[in-house]
Amino acid sequence: MKLNPAQNEAVHYISGPCLVLAGAGSGKTRVIVNKIGYLIQTCGYKARHIAAVTFTNKAAREMKERVSQSIGRKEARGLWISTFHTLGLEIIKREHKALGLKPGFSLFDDQDSMALLKELTEKELQEDKDLLRALATAISNWKGGLIIPDRARKIAKGEQEQLFALLYQRYAQHMKAYNALDFDDLILLPTLLLQFNEEVRKRWQKRIQYLLVDEYQDTNTSQYELVKLLVGERARFTVVGDDDQSIYSWRGAKPQNLVLLGKDFPELKLIKLEQNYRSSQRILHAANILIANNPHVYDKSLFSELPYGEPLRILNAANEEQEAERVVAEIIRHKFMGKTNFGDYAILYRGNHQSRLLERALMTNRIPYRLSGGTSFFARAEIKDIMAYLRLVVNPDDDNAFLRVVNLPKRGIGPATLEKLGNFANSKHISMFEAIFDAGLQQHLAPGAIESLFKFGRFIVDTGEIAERGEGVDAIKQLIRNINYEDYLYESSPSAKAAEMRMKNISELYRWVTEMLAGDDLDEPMTLPEVVTRLTLRDMMERNNEDEAGDQVQLMTLHASKGLEFPYVFIVGMEEGLLPHQSSIDEDNIEEERRLAYVGITRAQQELFFVVCRERRQFGETIQSQVSRFVDELPQDDLHWDNRKPEKKTEQERMQTGKANIANLRAMFKK
DNA sequence: ATGTAATCTTTTTTT
DNA sequence: AAGATTACAT
């Protein structure tokens, strides 16, 4: 397929900063992929001087793959195609000295950070989970806004904010002591470093000569700052974005960055991609009408040359159980009529909890499905255990990892010992691991306890030495064997079957680590510390999910659906309070909810279904629900309502699905 | 240690 | 209301 004029222009404009406003389905990835090829093959850029940044590992992976296919593996070698966070990690790794970090620092995931915060705030916040969450968000916002603790303390208003700023400062100090970073640090640290260290900045500007940014509307303040610092005065970059698909402002994304870009770079070239190659005209028309209710800085009008297509259908259901059954029945019917595959269908929803009933209905009807999101592989206890061991081996100062594994399996190191060890470490301002080898510890602990700790410490050091010799595979193999993890699993699991499952997960993890240590034709070999941080970024997990995608109905949140497309799409729970979510209604922020609906609608290629419930249970109470205002905003001529009268058809439908017949009969007899 | 009973929490989106 | 977590009795 040839590029259209706008795409063509976007690919070939390289003499200055370039903003590509890419509507949904307008082929933006194609543009980026082609542009990278053009830069290398025609303009003489070296692959290693080009960086392309995305927001998800999946997108990065896909882009890497497509570039490789387009220009060949060899030519693509050395390209920097990664997420913002991975790029940040790369910079930190190479500049860790300038940042005052020891090599082998740990990467804390959300749970680790929360655990630390909880510990730090026992006095101030006690056990208030909401407050803790609020604190974590506040810290994340500060970091995303490039505000360091000192500054946060100066600008904090009100009692609570002042307290949060103080805790932010304390948190940062502890992270430093642990030699640990959190997700936000991966952006914040490189940005600060490049800001204040001219030499480092120059070096990176030389290294990255052309920068491409995907989903630019999702950048937050520090990410945009990082972009500016990387491109420097020469401003050779292309950013691709769509303000109508900005759905992450709640985590600090600033779609206004699209506007700021024009102010910061007056010579900015603006190119709009307005032809949609994905959806039927009817679907696109509906999406356009809906999103026209939002204010716009840049006007764009998407059009499609595909057929007009089927009407958008609205399915009614009495409650959420029927909603799920209705969707499943429709998929079965539709698949039978159209000879389609299960993989052609996607069911999208606002909140993760909505997946439960859908899953149940799919399962009872033997329909294969795949759920993206949900409980991650890395949330499993056994994976967290081994990961904690690896983190500790790589960075013994990581107290979180230490506490998780020090007595797992049981080594006779109980809570009392650990408390004393912790107090001692605190008083000397050293990590717990370091404290084990401190001579002063003898005054505080019994010889037996010290002996156990010492043995554990030696073991971690020894394993670390094996890894450092470059025998990472041996290190992990011996680790799992030496701690008798398999035995531990069989002892601690509720059944042998569960233990078997867990051990299989461990094997899976082992396989990934080994693969990453060895490298493949797309990725360089890594060292063990690199592997550990990468796995914490969930790189591997998403890669794995891709491989498994068979002929399955896709279930995911609207947020997770961004960037994907499906022939047939169901959006369930099209109700006030759910699709414009109640909290967004309360906060008067329905524009973002409208964009979310817009994202969902524009995922559909051929047919689109909405499902509406008349009532829904919430905290055990049944509440009446109303049709989402977004349905009212759609072009009514393009809608087709099924079951105009829900009550009457509802019983008929129950009969049809063969469910609840007995319940109905019983109800009749009672009357 | 293991299974059952009592109690608690949950429903916004995630790199 | 249901699922998850904790407590308690065995």
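Chain letters run A, B, ... following the sequence lines, proteins first and then strands; every chain starts at 1.
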Tell me what [X] touches on the nucleic acid: a base, only sugar-phosphate, or nothing, going by heavy atoms under 4.0 Å.
| X | result |
| --- | --- |
| Ser583(A) | base |
| Asp110(A) | base |
| Glu621(A) | nothing |

To the nearest angstrom, how far is [X] atom [atom1] from [N] atom [atom2]?
| X | N | atom1 | atom2 | value |
| --- | --- | --- | --- | --- |
| Leu578(A) | dT13(B) | CG | C1' | 12 Å |
| Ile571(A) | dT13(B) | CD1 | C1' | 15 Å |
| Lys562(A) | dT15(B) | NZ | P | 11 Å |
| Tyr598(A) | dT13(B) | OH | C1' | 19 Å |
| Trp250(A) | dT14(B) | CH2 | P | 6 Å |
| Glu321(A) | dA2(C) | CD | C1' | 11 Å |
| Met114(A) | dT14(B) | CE | C1' | 14 Å |
| Arg133(A) | dT11(B) | CZ | C1' | 13 Å |

**Prompt:** What do you reckon, is CZ of Arg133(A) surrounded by more than 12 foreign heavy atoms closer than 6.0 Å?
**Reply:**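 Counting other residues, nucleotides and ligands, CZ of Arg133(A) stays at 12 neighbours or fewer.
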
**Message:** Is it the case that over 12 heavy atoms from other parts of the model lie below 6.0 angstrom from the CD atom of Gln626(A)?
**Reply:** no

Under-4.0 Å side-chain N/O to phosphate OP1/OP2 contact, [X] with [N]:
| X | N | answer |
| --- | --- | --- |
| Asn352(A) | dT11(B) | no |
| Arg360(A) | dG3(C) | yes |
| Thr56(A) | dT14(B) | no |

**Asked** Going by ring centres under 5.5 Å and near-parallel planes (under 30°), is His353(A) stacked on dT11(B)?
**Response** yes

Among [options], the one nearest [X] by side-chain distance:
| X | options | result |
| --- | --- | --- |
| Thr557(A) | dT14(B), dT15(B), dT11(B) | dT14(B) |
| His85(A) | dT15(B), dT14(B), dG3(C) | dT15(B) |
| Arg617(A) | dA2(C), dA1(C), dT14(B) | dA1(C) |
| Ala560(A) | dG3(C), dT15(B), dT14(B) | dT14(B) |

**P-based separation of dT11(B) from dA4(C) [nearest Å]** = 11 Å

**Prompt:** Is the side chain of Gln354(A) donor-acceptor paired with the backbone N or O of Gly351(A) at a distance under 3.5 Å, no angle test?
**Reply:**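 The answer is yes, because a donor-acceptor pair under 3.5 Å joins these two groups.
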
**Prompt:** Between Leu194(A), Leu211(A), Asn220(A), which is the residue that forms a side-chain contact (heavy atoms from CB on, under 4.5 Å) with Leu226(A)?
**Reply:**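 Single pass found, and it is Leu194(A).
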
**Asked** With a cut-off of under 6.0 Å to the ring centre and 45° to the axis, is Arg595(A) in cation-pi contact with Tyr598(A)?
**Response** no

